[in-house]
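Beneath this line is the structure, given in structure tokens, with notes to follow.
In what follows, every heavy atom counts, from backbone to side chain, and hydrogens, waters and symmetry copies are set aside. Letters A, B, ... are given to chains in the order of the sequence lines, protein chains preceding strands, and every chain is numbered from 1.
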Protein chains: 2
Amino acid sequence: MNASESADPGLLALAEDFREALRHSIYLVRRLDADGELSAAQLSMLKMLLDAGRAAGGVRVGEIARNLGVKVPSATEQIIKLERAGLARREPDPDDSRAVRVTLTDAGLAAVASANERRNTVMAGVLSSLSDEDRAALAAALPVIGRINATLLA
Amino acid sequence: MNASESADPGLLALAEDFREALRHSIYLVRRLDADGELSAAQLSMLKMLLDAGRAAGGVRVGEIARNLGVKVPSATEQIIKLERAGLARREPDPDDSRAVRVTLTDAGLAAVASANERRNTVMAGVLSSLSDEDRAALAAALPVIGRINATLLA
DNA sequence: GTTCATAGTTAGGTAGCCTAACAGTTAGGC
DNA sequence: GCCTAACTGTTAGGCTACCTAACTATGAAC
């Protein structure tokens with residue numbers, strides 16, 4: 001990597017600022033998650049099961065792990081916890097006896113709904129103190145952040 | 001909390017989208033931090049020491065904890081690790097014998113610089129695939145996110 | 001000069017992640 | 001057909017970073 005290949009300084013500055021914002025946001029998320037009875041990891045998994053498992057008959061463990069950016073044993077561990085809490089169910093895959101399909105129970109559905117609502121209310125309270133311009137700027141950036149996330153998880 | 005107090009639906013939707021973006025970004029940060037020899041928590045603390053401890057003769061443990069959004073014992077734990085790694089130093093506060101002042105060593109300074117540079121380069125690579133408009137939207141939102149973080153950490 | 005508050009450390013416990021080793025199932029080559 | 005290789009998920013063991021509770025030592029108030 002020589003000088004001609006090195007990145008544009010403006011780009012590096014933006015990268016640094018963005019990383020900084022994310023780094024601080026982690027504490028924001030931690031604060032937001034501290035209240036509920038559902039951990040961040042568990043809520044993430046429930047939400048994922050809601051999104052990805054809607055049409056199909058559940059989501060396979062490997063796919064869950066991939067979607068959440070963790071390894072398969074970590075996914076198994078969380079799934080077992082959710083199962084013990086009555087929020088998710090493990091069923092054999094009819095097409096592949098090696099595989100396991102995970103689905104939300106009704107209780108899981110209710111849990112993700114109420115947890116989301118509580119957290120959204122808190123976050124909305126914070127956002128309500130911003131100016132309209134600030135909110136517009138935030139809204140405009142969210143799809144971009146989504147694209148960045150998609151790029152890195154690909 | 002009755003109907004007249006309940007939040008604007010648009011605000012709640014923005015809150016949900018923002019939370020969703022942050023939730024996914026956590027995996028992005030995890031990916032970004034996986035490469036280095038410095039953990040995310042340790043890099044955060046080093047960076048904080050760099051920012052907050054510049055003028056003064058170090059940062060007090062309680063202040064470190066507050067800045068990072070963790071409890072004091074967690075801060076102590078990380079500080080001890082940094083100290084053992086030769087990246088930070090603990091010194092008695094001349095004005096208050098109960099207090100401890102933490103400062104970066106030269107090695108700590110070098111470590112935070114190189115870790116930042118590596119992560120910034122990766123992030124810049126991701127950002128380089130975005131359009132100019134996307135980058136502009138992201139840049140415009142970063143101060144807003146900063147304000148949000150400041151609000152919640154206050 | 002007790003008493004109360006404050007600063008930090010120590011002890012013990014939990015959640016969530018990892019790698020390595022394992023068991024069961026499927027698919028291919030011969 | 002069957003033996004090997006690839007794949008799916010679980011189990012075992014270990015690590016990091018967080019927490020609360022209990023403690024020590026210093027400072028401040030009266």
Minimum-distance nucleotide (side-chain atoms of A/V72 versus C/dC18, C/dG16, D/dT10): D/dT10
Heavy atoms, side chains only, cut-off 4.5 Å: are A/R119 and A/L43 in contact? yes
Rounded to whole angstroms, how far apart are CD1 on A/I79 and P on D/dT11? 12 Å
Considering every strand and a 4.0 Å limit on heavy-atom distances, what is the contact class for B/S39: base, sugar-phosphate, or nothing? sugar-phosphate
Pairwise distance CG(B/L32) to CZ(A/R19) - rounded to 0.5 angstrom: 6.0 Å
Salt-bridged, B/R90 to B/E83, with N to O below 4.0 Å? yes
Between CD of A/E91 and P of D/dT8 the distance, given in whole Å, is 19 Å
A/L22 vs A/I26 side-chain heavy atoms within contact, under 4.5 Å: no
What nucleic acid atoms does B/E77 come within less than 4.0 Å of, heavy atoms only: base, sugar-phosphate, or nothing? base
Under 4.0 Å between any heavy atoms, over every strand shown, what does B/R101 touch: base, sugar-phosphate, or nothing? Just pick one. nothing
Counter-base of C/dT6, judged by Watson-Crick or G-U geometry with both distances under 3.5 Å: D/dA25
A/E133: what forms a salt bridge (Lys or Arg N to Asp or Glu O under 4.0 Å) with it, not counting sequence neighbours? none
Can you check side-chain contact (heavy atoms from CB on, under 4.5 Å) on A/I64 and A/V70, steps first, answer last? CA-CA 9 Å; A/I64 292 175; A/V70 300; over 6 Å; no
Could you check how far CZ of A/R66 sits from C1' of D/dG9, rounded to whole Å? 15 Å
Quick check for you: among D/dA17, C/dT19, D/dC19, whose closest atom lies nearest to any side-chain atom of A/K71? C/dT19
Rounded interatomic separation in angstrom, taking CD1 from B/I80 and C1' from D/dA17: 14 Å
Within a strict 4.5 Å, meaning less than it, do heavy atoms of the B/L28 and B/H24 side chains meet? no
Would you tabulate the nitrogen or oxygen pairs shorter than 3.5 Å linking the protein to nucleotides 5-7 of chain D?
{"residue": "D/dC7", "atom": "O2", "partner": "A/R98", "partner atom": "NH1", "Å": "2.9"}

In whole angstroms, how far is the C1' atom of D/dA25 from the CG atom of B/D93? 14 Å
Please state how far atom CG in A/D95 lies from atom P in D/dG9, giving the value in whole angstrom units. 13 Å
Quick check for you: among D/dC19, C/dC17, D/dG9, whose closest atom lies nearest to any side-chain atom of B/V70? D/dC19
Base, sugar-phosphate, or nothing for A/V100, non-hydrogen atoms under 4.0 angstrom? sugar-phosphate
Touch check for B/S97, heavy atoms < 4.0 angstrom, all strands: base, sugar-phosphate only, or nothing? sugar-phosphate
When you get a sec, tell me which of D/dG27, C/dC17, D/dC18 is the closest nucleotide to the side chain of B/D96? D/dG27
Separation of C/dC17 C1' from A/M45 CE (nearest whole Å): 12 Å
Check the phosphate of C/dC17 against A/Q78, side-chain N and O only, distance under 4.0 Å to OP1 or OP2. Yes or no? yes
So, does B/T76 get its side chain near the phosphate of C/dT9, meaning an N or O under 4.0 Å from OP1 or OP2? yes
State which of D/dA17, C/dA7, C/dT9 makes the closest approach to the side chain of B/P73. C/dT9
Compare all side-chain heavy atoms of A/V61 with those of A/V72 and state whether any distance is below 4.5 angstrom. yes
B/I64 atom CD1 is separated from D/dC18 atom P, nearest whole Å, by 13 Å
